[in-house]
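Worksheet: one structure, shown below.
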Amino acid sequence: ITESCLPKKFIFFPLQVSTDTQIKINSDIDNISAIALMLKKEILPIVVKPHPAEPDIDYFIKSISDNKERIFFSTENTYKLIKMSEKVITINSTVGLEAMIFEKPVEFYGRSIFNEFNKNRLISYIHSHLIKIDFFNVKINDFSKENIGRIYGE
């Protein structure tokens with residue numbers, strides 16, 4: 001559904017690929033079980049965005065079709081859905097990390113490292129992945145072997 005068809009207030013739940021290791025190894029809950037849990041404990045409608053790499057979205061849609069009044073599917077831009085939502089619930093998706101950057105309430109149903117982040121830890125985590133290279137200033141660029149290696153994780 002498009003932005004104009006979304007509820008005014010909602011919880012955003014980005015699906016993970018059902019066969020993803022983050023669900024298989026780092027979670028005791030899958031996408032369908034997560035939605036069942038949300039339907040029990042949350043009042044607001046749930047906007048679900050299928051993962052673009054999900055191979056069996058039809059099965060998922062059929063399995064939750066009894067709750068059309070509370071569950072809405074959307075393919076809107078993820079950032080837009082995060083910003084419009086009241087809360088983001090995810091299993092272990094990095095969308096949870098993105099929601100934290102937007103200072104949205106986030107709940108993780110899996111065993112996610114992001115679950116333990118406060119604002120300071122979030123900032124440290126992001127800064128630890130930044131590489132100091134000024135790509136737009138050729139005169140002072142530091143394209144050293146060390147920095148190039150950091151880009152490729154070496």
Side-chain angles (χ1 to χ4, degrees), residues 1-133 135 149-154:
I1 62 174
T2 62
E3 179 182 342
S4 62
C5 297
L6 292 173
K8 289 192 187 305
K9 292 186 174 189
F10 62 87
I11 293 169
F12 176 41
F13 180 63
L15 294 179
Q16 289 194 230
V17 176
S18 56
T19 56
D20 188 280
T21 56
Q22 289 301 322
I23 285 184
K24 300 291 184 184
I25 296 173
N26 293 319
S27 180
D28 299 324
I29 193 168
D30 62 11
N31 289 317
I32 295 170
S33 301
I35 288 184
L37 180 60
M38 282 181 257
L39 288 169
K40 285 182 186 173
K41 72 181 241 185
E42 301 292 341
I43 297 168
L44 292 175
I46 302 160
V47 172
V48 174
K49 181 175 181 178
H51 194 287
E54 176 57 56
D56 197 9
I57 197 64
D58 291 336
Y59 167 75
F60 181 79
I61 291 170
K62 288 176 190 169
S63 66
I64 61 169
S65 61
D66 291 344
N67 294 292
K68 290 179 186 174
E69 70 284 347
R70 292 210 40 221
I71 300 173
F72 298 82
F73 282 88
S74 179
T75 56
E76 280 288 338
N77 177 284
T78 301
Y79 295 125
K80 187 181 285 188
L81 291 170
I82 291 170
K83 287 180 183 180
M84 292 173 61
S85 70
E86 299 296 309
K87 176 181 181 179
V88 174
I89 297 177
T90 183
I91 295 176
N92 287 322
S93 174
T94 54
V95 174
L97 176 66
E98 293 165 337
M100 293 172 84
I101 292 167
F102 285 116
E103 298 183 338
K104 285 289 180 175
V106 182
E107 188 172 346
F108 293 93
Y109 282 177
R111 292 177 290 280
S112 172
I113 63 165
F114 308 130
N115 195 33
E116 304 300 322
F117 281 16
N118 59 24
K119 188 172 183 171
N120 289 335
R121 192 161 177 201
L122 173 65
I123 291 168
S124 292
Y125 179 80
I126 291 169
H127 282 155
S128 73
H129 287 83
L130 298 177
I131 299 169
K132 187 178 180 178
I133 296 178
F135 289 98
R150 290 170 69 198
I151 292 171
Y152 292 103
E154 297 171 355

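Considering all non-hydrogen atoms of both residues, I25 and R111 come closest at O-NH2, 2.9 Å. When all heavy atoms of L6 and M84 are compared, the closest pair comes out as CD1-CE, 3.7 Å. Smallest separation of non-hydrogen atoms from T78 and E98: CG2-OE1, 4.2 Å. When all heavy atoms of V106 and G96 are compared, the pair lying nearest together is CG2-O, 3.7 Å. The two residues K87 and E107 have their closest heavy-atom pair at NZ-OE1, 2.9 Å. Of all heavy-atom pairs spanning V88 and A99, the tightest one is CG2-CB, 3.7 Å.
Under the rule for a salt bridge (charged side-chain N to carboxylate O under 4.0 Å, His left out), the partners of E103 that lie at least two apart in sequence or sit in another chain are K119. In terms of the side chain to side chain donor-acceptor pair (under 3.5 Å) criterion, K24 has no residue partners (sequence neighbours excluded).
A distance of 9.5 Å separates CD1 of I91 from CG of D20, quoted to the nearest 0.5 Å. The line from CD1 of I11 to NZ of K41 is 9.0 Å long, rounded to the nearest 0.5 Å.
With contacts defined as side-chain heavy-atom distances shorter than 4.5 Å, the pair L39/I71 qualifies. Using a 4.5 Å heavy-atom threshold, the side chains of L122 and L97 count as touching. Annotation: side chain of F72 is not in contact with side chain of I46 (no heavy-atom distance under 4.5 Å). The closest side-chain heavy-atom distance from P105 to E86 is not below 4.5 Å.
V17 pairs with exactly one of P52, P55, P50 by the side-chain contact (heavy atoms from CB on, under 4.5 Å) rule, that one being P55.
Side chain of N92 to main chain of S112: a donor-acceptor pair is present (N/O by atom type, distance under 3.5 Å, no hydrogens or angles). In terms of modelled atom types and a separation under 3.5 Å, the side chain of N31 and the main chain of Q16 share a donor-acceptor contact.
Relative ring orientation between F102 and Y79 is described as perpendicular, the plane-to-plane angle rising above 60° on a 0-90° scale split at 30° and 60°.
For R121 and E116, the salt-bridge test fails: no basic side-chain N is under 4.0 Å from an acidic carboxylate O.
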